[in-house]
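In what follows, a structure is listed as structure tokens, so that the remarks can point back to it.
Since this is a predicted model, take the numbers as computed values, not measurements.
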Amino acid sequence: MASVHESLYFNPMMTNGVVHANVFGIKDWVTPYKISVLALLYEMTTSKPIALQERRRLNKLILPLQQGPDLTLDQFLKTVEECCPQTAYAVKLRLHEMADGELKDMEYFFATLPTPFSAIDSEAYKTSVVGLFMRHMLLAYNKLSFSQVYKLYKALQQYYHSHYSQPGDVQVGLPALAADDSDMDLTSTEDNVGERMEKEELDTAPLHESELRNEDAPSRGPLSQKQAEYFLARQAYLLKNDENKALKPSALQDELNNMLKFNPDFAEAHYLSYLNSMRVQDIFISTHSLLHYFDRLILSGSEGKSNGDEGYGRSLRYAALNLAALHCRFGHYQQADLALQEAIRIAQESNDHVCLQHCLSWLYTLEQMKGSDSSVLTEDSVKMAAHFCLPYLVSLGIQSLVQQGAVQGKTAHELMDALKDTDILHWKHSLSELIDISLAQTTSIWRMYGKSTMAQQQAQLLLNMNSLEQVNFGVQQNNTEAFAVALCHLAELHAEQGLYGAVSEVLKHLKEQFPPHTQHAKLWMLCDLKIQFDRAMNDGKYHLAEPHVTAIAALNKTEGLYRKAQVLKALNRTTEAYSILQRLQLYCEKTKYTEMIIRVMLVTAELHWESSGFATALPLLLQALALARQHHLQALASETILHLAFTQLMLGVPEQALGVLHEAMEPILAHGAVMDKGRALLLAARCQMAMAGTRSNGQRHAGSTHPQHKLNITHYLKCTCLWIQLLCHVSTQTGVVQSLPPCCLPPALGLAVQSLGEAAAYFSMLDCKERLRDVHYLQARLQVVDCAGSRGLDMET
């Protein structure tokens with residue numbers, strides 16, 4: 001079920017997906033790369049008419065070139081050449097004239113630069129993106145002193161000639177240039193920024209065609225304000241909406257470290273470092289970056305008020321709140337509680353009701369994560385959030401109540417009515433992210449109740465819904481936890497129907513959309529492991545299922561223990577399996593994990609079957625059935641009824657077993673898995689055979705409806721030999737071997753033959769050889785009995 005507390009993280013950098021960054025102390029300045037961009041704009045305006053397609057590509061390229069980090073000349077020319085080779089050649093000639101000429105050539109370029117843009121018919125008017133960039137560069141250039149202009153010219157020469165020189169030559173020439181011109185500066189009268197620019201290494205890594213070096217080649221020099229804002233906006237948006245397209249965690253951290261090296265007080269860079277560290281679950285760096293963010297935010301603020309909505313008082317309480325959220329995510333509940341109490345105390349002193357509401361939301365979330373009943377706190381939070389007109393927190397509170405109600409056994413219509421009210425809030429306030437969470441939660445609820453058709457419908461609705469948020473950087477909001485949950489449900493639903501080809505396609509998409517290093521990757525990892533485990537167990541390949549238990553336990557301890565008990569039971573290690581099941585049941589009762597409690601009871605009953613303790617298993621199954629019906633878990637209730645019917649059959653009351661089985665047959669055939677359908681039909685056939693008087697010595701202990709309840713092999717071989725003898729006798733008498741149709745049999749046996757045929761079709765879909773063997777064995781016995789009765793053969797075994 002999609003967790004709702006993840007959306008409560010306070011992100012001061014983002015408002016509707018837009019980052020508000022303020023790069024303190026970093027101004028725009030002229031660099032050799034920006035001279036190259038100015039040369040490109042100049043040539044686009046003054047050169048001969050460019051083809052329409054090439055001009056469109058160049059126009060799309062202008063904004064990323066202006067806002068992105070500085071590129072090497074090789075990367076810059078390659079990018080422009082992909083759009084328009086003719087313009088790239090003209091830019092190269094323009095740079096050659098300046099770099100191989102004299103200082104006056106660069107002066108002449110800046111003197112003539114405004115002329116094309118000031119023309120009446122010019123497309124780049126002075127308030128356009130191009131016009132503003134050109135004016136900023138001219139203003140920055142005109143403020144330079146003579147020494148700074150000379151240094152810029154030397155840097156341009158180095159920038160141009162590095163395009164043709166070997167990497168070794170670049171490394172030799174660069175320190176010499178820094179030593180000669182260390183007393184010059186391009187941006188101010190101080191020396192520090194200029195020296196850093198002199199000492200930066202030239203990055204010769206290849207350019208990614210679509211990302212302009214943002215993917216693999218971090219910039220080494222200081223970024224200007226525009227560049228830093230663009231970089232932070234892009235990476236923060238990608239981390240929120242499509243983490244797979246953002247920089248890799250190590251590459252992004254290198255970029256941020258480089259940014260902080262030139263400006264350690266850059267608060268927003270610290271916050272992005274915090275978000276990046278959360279991707280890889282690094283508690284040390286994430287805590288360090290979060291604390292540094294609020295420290296810098298407080299130091300940079302001009303207000304000195306400790307109370308009120310502004311000033312460092314607000315930063316302090318939200319710092320404590322974010323620290324509590326961080327500890328919650330890593331499972332440090334005691335530290336989270338202390339940080340949360342601190343945030344509440346500061347918020348109360350400041351009379352900040354909004355912050356107090358966020359604290360209350362995290363308080364009930366923390367109690368819920370501890371396993372305590374937090375419904376009262378959640379209801380209070382919803383009422384207060386509605387009073388202060390905070391629809392986001394109202395919706396999160398209601399969804400949390402729905403989640404708790406599903407665990408506590410609320411009916412489906414009550415939960416769906418509550419979710420309907422939240423959907424009205426979502427659409428009214430365009431809360432796209434919460435709409436996705438609501439649909440994912442509805443999918444999980446229907447799946448828990450055993451309504452596979454409704455669960456599949458809700459999952460498809462989520463995957464086919466367009467986001468209400470504005471699409472930036474060409475990215476849709478499709479890598480959130482809600483999408484991962486919906487896709488995992490679809491994979492499991494297809495696996496239950498034996499459609500393993502479709503399962504592979506869904507899992508392949510999940511692996512591409514959520515790589516292993518992302519925070520939601522564990523969802524599809526666990527889903528994939530459970531599908532592989534179930535498939536191996538159905539095939540009877542326990543040696544393949546056993547290695548999956550360790551991997552499942554690493555992701556989910558409870559599921560790992562349950563699967564381990566299943567494998568031990570299949571390997572006839574009954575004592576070990578029983579011990580694990582008892583410990584697991586006690587833990588689940590403590591945490592109120594009702595679904596797992598019922599599953600544990602069913603497996604425990606199967607252990608009693610192994611020792612022929614059918615009477616001992618009966619009270620346990622009745623208790624599991626009552627618990628499943630109390631919590632409206634139809635799928636588990638149907639499975640429990642199958643176990644009850646089999647137990648009654650083994651106790652010698654097939655009439656009652658068949659009557660109980662008919663109660664579960666309809667929901668199983670409508671919503672059940674293929675394995676459950678086959679098991680139900682096989683059990684119905686056994687009951688019908690028993691009622692028709694075809695019970696034999698081996699029937700009581702062979703052909704169980706459970707995958708692990710094996711046939712008596714001696715009786716199986718004896719019946720097979722008898723069937724072969726019968727065929728030989730028939731062939732000597734008539735020369736024809738025929739299988740009697742169901743209509744030639746008594747009514748009860750005819751129904752049994754039909755049920756066995758349908759069961760065989762279901763088991764064939766899963767390629768479940770052990771179950772098919774059981775079906776064919778019973779079909780053989782029906783043929784033997786019928787032919788013996790019609791031809792008067794001696795069938796005594």
Applying ring-ring contact (aromatic ring centres under 6.0 Å, His included) to His96 and not counting sequence neighbours gives Tyr160
Look up atom CZ in Phe146 and atom CG in Leu103, then write down how far apart they are to the nearest 0.5 Å.
6.0 Å
Can you check whether Thr72 reaches Gln75 side chain to side chain, under 4.5 Å on heavy atoms?
yes
Quick one: does any side-chain atom of Asn276 pair with a main-chain N or O of Pro249 as donor and acceptor, under 3.5 Å?
yes
Treating Glu481 as the side-chain partner and His520 as the backbone partner, does any N or O pair qualify as donor plus acceptor under 3.5 Å?
no
Between NZ of Lys245 and CG of Leu238, what distance do you get to the nearest 0.5 Å?
8.0 Å
Do the non-hydrogen side-chain atoms of Tyr153 and Ile35 ever get within less than 4.5 Å of each other?
no
Below 4.5 Å, heavy atoms only, C-beta onward: do Thr31 and Tyr159 meet side chain to side chain?
no
Apply side-chain contact (heavy atoms from CB on, under 4.5 Å) to Leu290 and Thr287, showing your working.
CA-CA 5 Å; Leu290 181 64; Thr287 306; 5.8 Å; no
What's the spacing between Leu40 CG and Lys92 NZ if we round to 0.5 Å?
15.0 Å
Side chain to side chain contact (heavy atoms under 4.5 Å, CB included) filter on Glu505, not counting sequence neighbours, yields none
Reported OG-to-CD1 distance for the pair Ser277 and Ile283, which is rounded to 0.5 angstrom:
10.0 Å
Give me the atom names and distance for the closest heavy-atom approach of Arg94 to Tyr42.
NH2-CE2, 3.2 Å
Leu462: partners by side chain to side chain contact (heavy atoms under 4.5 Å, CB included), with sequence neighbours left out:
Asp436, Leu439, Ala440, Ala482, Phe483, Ala486
Of all heavy-atom pairs between Arg296 and Pro264, which one has the smallest distance, and what is that distance?
NE-O, 3.3 Å
Qualifying residues under side chain to side chain contact (heavy atoms under 4.5 Å, CB included), relative to Met525, sequence neighbours excluded
Pro516, Ala521, Leu555
When you measure from the side chain of Asn258 to the backbone of Asp254, do you find a donor-acceptor pair of N or O atoms at a distance under 3.5 Å?
no
On the 0 to 90° scale, with breaks at 30° and 60°, tag the His292-His270 ring pair as parallel, tilted or perpendicular.
parallel
Given side chains that start at C-beta, do those of Met44 and Asn59 come closer than 4.5 Å, heavy atoms only?
yes
So CG of Leu73 and CD of Gln158: to nearest 0.5 Å the spacing works out to 12.0 Å
With side-chain contact (heavy atoms from CB on, under 4.5 Å) as the test, would you mind laying out the steps for Met134 and Met137 before giving the verdict?
CA-CA 5 Å; Met134 183 269 296; Met137 291 300 101; 5.9 Å; no
Could you pull out the closest heavy-atom pair between Glu54 and Cys83, with the gap in Å?
CG-O, 3.5 Å
Answer yes or no: is there a side-chain heavy-atom contact under 4.5 Å between Phe294 and Asn322?
yes
Side-chain donor/acceptor of Ser36 to backbone N/O of Pro32, under 3.5 Å:
yes
Set of residues satisfying salt bridge (charged side-chain N to carboxylate O under 4.0 Å, His left out) with respect to Lys511, sequence neighbours excluded:
Asp528
Report yes if the side chains of Leu77 and Tyr89 come closer than 4.5 Å at any heavy-atom pair, otherwise no.
no
Under the side chain to side chain donor-acceptor pair (under 3.5 Å) rule, what do Ser289 and Ser273 come out as? Steps first, then yes or no, please.
CA-CA 6 Å; Ser289 299; Ser273 176; 2.9 Å; yes
What is the minimum heavy-atom distance between Ile435 and Met465, and which atoms define it?
CG2-CE, 3.6 Å
Got a sec: does the OH of Tyr108 have more than 12 other heavy atoms crowding it under 6.0 Å?
no
Go through Phe76 and Val91 one step at a time and tell me if the side-chain contact (heavy atoms from CB on, under 4.5 Å) criterion holds.
CA-CA 10 Å; Phe76 174 75; Val91 171; 3.9 Å; yes
Please confirm whether the backbone N or O of Ala99 pairs with a side-chain atom of Gln157, one donor and one acceptor, at under 3.5 Å?
yes
Can you give me the closest heavy-atom contact between Phe133 and Leu38, atom names plus distance?
CE2-CD2, 3.7 Å
Heavy atoms only: give me the nearest Arg279-Leu252 pair and the separation to one decimal.
NH1-CD2, 3.8 Å
Under 3.5 Å, is there a donor on one side chain and an acceptor on the other for Gln253 and Ser250?
no
Set of side chain to side chain contact (heavy atoms under 4.5 Å, CB included) partners for Glu107, sequence neighbours left out
Tyr141, Val149
Roughly how far, to the nearest 0.5 Å, is the CG atom of Leu156 from the CE atom of Met98?
5.5 Å
Do the non-hydrogen side-chain atoms of His136 and Leu139 ever get within less than 4.5 Å of each other?
no
Pairwise side-chain contact, Trp524 with Leu487, heavy-atom cut-off 4.5 Å (strictly under)
no
List the steps, then state whether side-chain contact (heavy atoms from CB on, under 4.5 Å) holds for Leu232 with Phe266.
CA-CA 11 Å; Leu232 291 177; Phe266 192 0; 3.4 Å; yes
